[in-house]
Protein chains: 2
Amino acid sequence: MDLGKRLRSRGYRVTPQREVIYRVLQENEGKPLSLDDIHSLACEKRPGLGLTTVYRTLDLFRELEVALPVHLHGDSQYYEINEGKHHHHMVCLSCGDVELLEACLIEEIEDIVRDGSDFMITGHCMSLFGYCPDCLERGRGKGSR
Amino acid sequence: MDLGKRLRSRGYRVTPQREVIYRVLQENEGKPLSLDDIHSLACEKRPGLGLTTVYRTLDLFRELEVALPVHLHGDSQYYEINEGKHHHHMVCLSCGDVELLEACLIEEIEDIVRDGSDFMITGHCMSLFGYCPDCLERGRGKGSR
DNA sequence: CTCCTTATTGACAATTATTATCATCTATTA
DNA sequence: TAATAGATGATAATAATTGTCAATAAGGAG
Ligand SMILES: [Zn+2]
Ligand SMILES: [Zn+2]
Ligand SMILES: [Zn+2]
Ligand SMILES: [Zn+2]
């Protein structure tokens, strides 16, 4: 569904700022972006767009599930567009590169949980950490970062 | 291995502050604590302990792998003691309760990755979100939080 | 045990990140 | 096109994190 429908159907307005931020997320599908990343990229398309607006818009997008929060090691909160293509991430501890991982064993885990507790699982997140092929090749498999 | 050895073997000193913070983590095994949580609890045992020291100590503990960072939804960074008992978490979206999940299918995922890429996995994190039995019983399965 | 050396601490200041306020602007609808 | 209410951006206010430095105290030598 397109952004306009998703916004209007909940009583929110379609604004250029929201469209720009949405486009930034769309163009970086699979690449988690920090708030500052989003702000910089959005400002390229619409100079002057305020950082406050980025905060507000991402809160909204998260509420509407237009964007999903992504947890990686490191301080910042990252965001990604939610295109319904469920996936996870592999983060290189040396260069910080983020690769996509489409595999997910959540059903198996849900089975395990169902047998052992009454917790109802509705979502999850997962990140794998390690070293990307490039860093391994360059002998940076144990480098800092 | 005990804290003293872990510190001294790397040239760090054993201080009461570090011991107190370690004890706080130990007494809350399985329950992720935020920096403020840790600070409050540590201050009960040692009034006056500075927040700066908590920041510094947790950076150190993380480096020494005495503590592990835990990612949950929400802003704060959480920490947990690393007792070698690998586990994950289930977070209730209604009451915020965190339950332990000892199940982990990382080996299966590593197999999948090995077949599909050359990324070398050395660690991972995972959290499941949903509703705890209490909240389900109270009909708060779709409540806010 | 006492004295040195130097890592560590805590108070404070400086930065940085996030949230609140409010006048102005503008998307929507009639 | 005009009216209305939501949204934006500038600014201020808070909160979170990091840096500085004099005072303290842990660990090692004697
Ligand atoms: Zn790499
Ligand atoms: Zn998954
Ligand atoms: Zn609950
Ligand atoms: Zn695991």
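Naming convention: chains lettered A, B, ... in sequence-line order (proteins, then strands); numbering from 1 in each chain. Hydrogens, waters and symmetry mates are skipped; everything else that's a heavy atom, side chains included, is used.
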A.B. asks: Salt bridge or not for A:Asp111 and A:Arg114, using N-O below 4.0 Å?
C.D. replies: yes
A.B. asks: Can you tell which of C:dA27, D:dT18, C:dA17 lies closest to the side chain of A:Tyr55?
C.D. replies: C:dA17
A.B. asks: Any side-chain N or O of A:Arg13 under 4.0 Å from OP1/OP2 of C:dT26?
C.D. replies: no
A.B. asks: Please give, in whole Å, the distance from D:dT8 P to A:His39 NE2?
C.D. replies: 13 Å
A.B. asks: Could you state the atom-to-atom distance from CZ of A:Phe61 to C1' of D:dA7 in whole Å?
C.D. replies: 13 Å
A.B. asks: Go through the N and O atoms of the side chain of B:Arg56 and the base of D:dG19, and report whether any donor-acceptor pair is under 3.5 Å.
C.D. replies: no
A.B. asks: Round to the nearest Å and state the distance from A:Gln17 atom CD to C:dC25 atom P.
C.D. replies: 14 Å
A.B. asks: What is the distance, rounded to the nearest whole Å, between atom CG of A:Leu58 and atom P of D:dT8?
C.D. replies: 12 Å
A.B. asks: Side-chain N or O of B:Gln77 less than 4.0 angstrom from OP1 or OP2 on D:dA16?
C.D. replies: no
A.B. asks: Starting at atom CZ of B:Arg8, determine the distance to atom P of C:dT8, rounded to an integer number of angstrom.
C.D. replies: 12 Å
A.B. asks: Any side-chain N or O of B:Thr53 less than 4.0 Å from the OP1 or OP2 oxygen of C:dT8?
C.D. replies: no
A.B. asks: List the steps and the verdict of salt bridge (charged side-chain N to carboxylate O under 4.0 Å, His left out) for B:Arg56 and B:Asp59.
C.D. replies: CA-CA 5 Å; B:Arg56 281 186 293 225; B:Asp59 277 351; over 6 Å; no
A.B. asks: Between A:Tyr12 and B:Leu51, name the one whose nearest nucleotide on DNA chain D is closer to the 5' end.
C.D. replies: A:Tyr12
A.B. asks: Of the options C:dT9, C:dA17, D:dT8, whose atoms approach the side-chain atoms of A:Asp36 most closely?
C.D. replies: C:dA17
A.B. asks: Once you measure the plane-to-plane angle for A:His71 and B:His71, does it fall in the parallel (<30°), tilted (30-60°) or perpendicular (>60°) bin?
C.D. replies: tilted
A.B. asks: Verify whether one side chain among A:His86 and A:His88 offers a donor that lies under 3.5 Å from an acceptor in the other.
C.D. replies: yes
A.B. asks: Taking the nucleotide of DNA chain C with the closest heavy atom to each, which residue, A:Val14 or A:Thr52, is nearer the 5' end?
C.D. replies: A:Thr52
A.B. asks: Can you measure B:Arg18 atom CZ to D:dT24 atom C1' for me and round it to whole angstrom units?
C.D. replies: 14 Å
A.B. asks: Provide, to the nearest angstrom, the distance between the CG atom belonging to B:Leu60 and the C1' atom belonging to C:dT8.
C.D. replies: 11 Å
A.B. asks: Could you give the CD1-to-P distance, from A:Ile21 to D:dT8, as a whole number of Å?
C.D. replies: 8 Å
A.B. asks: Nearest 0.5 Å please: distance from the CG atom of B:Asp37 over to the CG atom of B:Leu25.
C.D. replies: 10.5 Å
